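Everything below concerns the one structure shown next.
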Amino acid sequence: RIVARQSGPLEGAVSVPGAKNSVLKLMAATLLSDGRYELTNVPAIDDVASMGDLLAALGVTSSLDAQRPDVLVLENAGSITPEAPYDLVERIRASIVVLGPLLGRCGVARVSMPGGDDFGKRPIDMHLKGLEALGASFELRRGYIEARAEYLHGAEITIDFPDRKSTRLNS
């Protein structure tokens, strides 16, 4: 919150840090297509490093730009592995966001149940329900989500938020 009281002209700059949750999803999206990607205004936090490690295991390398420390460069050379290693997935709850891009790119994906922080229940049901509406099927085996989709298609999806009204998405 910024409070401004009249006392003359205002001038200056306010630096707004990057949003962790947006950056992690954008990082996962680089699984979808070969190429080089630059994300700017990336916060220097452990979750970004953990997602970088997970993506490296899947086939996408990442590095910080030496001249611009808030710029993350990701490179997808095309050799994607559709199985996310348990020891990396357990480090970050947001690791579930790799499931959709892996499924969309490879038609199959195997991701363990996500770990990360422990401050309350945050189920992954909305991810699975959304992907099922797009044509995916899932099996839960020994702590892993095994996903398949011959063809993903658009769908109307209603997301139920626990403390808010439902939000409807068209894809």
Side-chain angles (χ1 to χ4, degrees), residues 1-4 10-128 130-131 134 136 138 143-147 149 152 159 161 167 169 171:
R1 179 174 145 189
I2 298 174
V3 177
L10 290 176
E11 68 177 75
V14 176
S15 179
V16 179
K20 170 188 87 162
N21 290 333
S22 294
V23 168
L24 298 176
K25 289 169 182 69
L26 290 170
M27 290 174 72
T30 64
L31 290 163
L32 288 168
S33 183
D34 301 354
R36 182 178 188 274
Y37 304 89
E38 284 189 11
L39 301 180
T40 58
N41 201 18
V42 175
I45 58 174
D46 288 342
D47 282 359
V48 170
S50 293
M51 181 62 81
D53 292 342
L54 175 57
L55 289 175
L58 298 172
V60 175
T61 61
S62 63
S63 60
L64 290 173
D65 185 301
Q67 270 61 44
R68 302 172 295 166
D70 70 329
V71 174
L72 183 65
V73 178
L74 299 112
E75 296 205 33
N76 179 339
S79 182
I80 300 299
T81 302
E83 182 169 345
Y86 172 82
D87 61 316
L88 297 174
V89 172
E90 75 172 343
R91 289 173 32 194
I92 178 172
R93 182 170 298 271
S95 59
I96 192 63
V97 299
V98 303
L99 181 61
L102 286 175
L103 191 55
R105 170 105 187 218
C106 303
V108 296
R110 188 169 191 260
V111 178
S112 70
M113 295 296 285
D117 53 54
D118 189 23
F119 58 83
K121 185 178 179 184
R122 293 187 290 174
I124 61 167
D125 292 356
M126 74 170 79
H127 294 278
L128 301 182
L131 288 168
L134 299 175
F138 301 96
Y144 278 85
I145 302 163
E146 295 184 0
L152 293 176
I159 299 173
F161 290 97
T167 300
L169 302 174
S171 63

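In this text the structure is predicted, and so the values were computed from the model without any measurement. In what follows, every heavy atom counts, from backbone to side chain, and hydrogens, waters and symmetry copies are set aside.
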Determine whether [X] and [Y] make a side-chain contact, defined as any pair of heavy atoms from C-beta on separated by less than 4.5 Å.
X    : Y    : result
L103 : L134 : no
S95  : L88  : no
L99  : H127 : no

(message) Walk me through whether D53 and R91 qualify under side chain to side chain contact (heavy atoms under 4.5 Å, CB included).
(response) CA-CA 10 Å; D53 292 342; R91 289 173 32 194; 2.7 Å; yes
(request) Go through L72 and L64 one step at a time and tell me if the side chain to side chain contact (heavy atoms under 4.5 Å, CB included) criterion holds. (result) CA-CA 5 Å; L72 183 65; L64 290 173; 4.0 Å; yes
Find the distance between [atom1] ([X]) and [atom2] ([Y]) and round it off to the nearest 0.5 Å.
X   : Y   : atom1 : atom2 : answer
R36 : T61 : CZ    : OG1   : 9.5 Å
L26 : M51 : CG    : CE    : 10.5 Å
Y37 : T30 : OH    : OG1   : 6.5 Å

(request) Start with the C-alpha distance between I124 and I145, add both sets of side-chain angles, then the distance that settles side chain to side chain contact (heavy atoms under 4.5 Å, CB included), and finish with yes or no. (result) CA-CA 11 Å; I124 61 167; I145 302 163; 3.3 Å; yes
(request) Using side chain to side chain contact (heavy atoms under 4.5 Å, CB included) as the criterion, list what pairs up with D70, not counting sequence neighbours. (result)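 Partners of D70 by the side chain to side chain contact (heavy atoms under 4.5 Å, CB included) criterion, ordered by chain and then number, come out as N41, R68.
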(request) Grab the two heavy atoms, one from L152 and one from A136, that are nearest each other, plus how far apart they are. (result)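 For L152 and A136, the tightest heavy-atom pair comes out as CD2-N, 4.0 Å.
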(request) Determine the minimum heavy-atom distance between A94 and L24, stating which atoms define it. (result)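 For A94 versus L24, the nearest heavy atoms are CB-CD1, 3.6 Å.
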(message) Looking at D46, I'd like to know if its CG atom is crowded, meaning that more than 12 non-hydrogen atoms belonging to other residues, nucleotides or ligands lie closer than 6.0 Å.
(response)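 For D46, atom CG is not crowded (no more than 12 foreign heavy atoms under 6.0 Å).
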(request) Decide if atom OH of Y144 counts as having more than 12 heavy atoms of other residues, nucleotides or ligands within a radius under 6.0 Å. (result)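 Check passes, neighbour count above 12.
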(request) Go through the steps to decide whether E38 and V71 satisfy the test side chain to side chain contact (heavy atoms under 4.5 Å, CB included), and finish with yes or no. (result) CA-CA 7 Å; E38 284 189 11; V71 174; 4.1 Å; yes
(message) Tell me which one of V98, L54, L55 satisfies side-chain contact (heavy atoms from CB on, under 4.5 Å) with V60.
(response)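 Single side-chain contact (heavy atoms from CB on, under 4.5 Å) partner of V60 among V98, L54, L55: L55.
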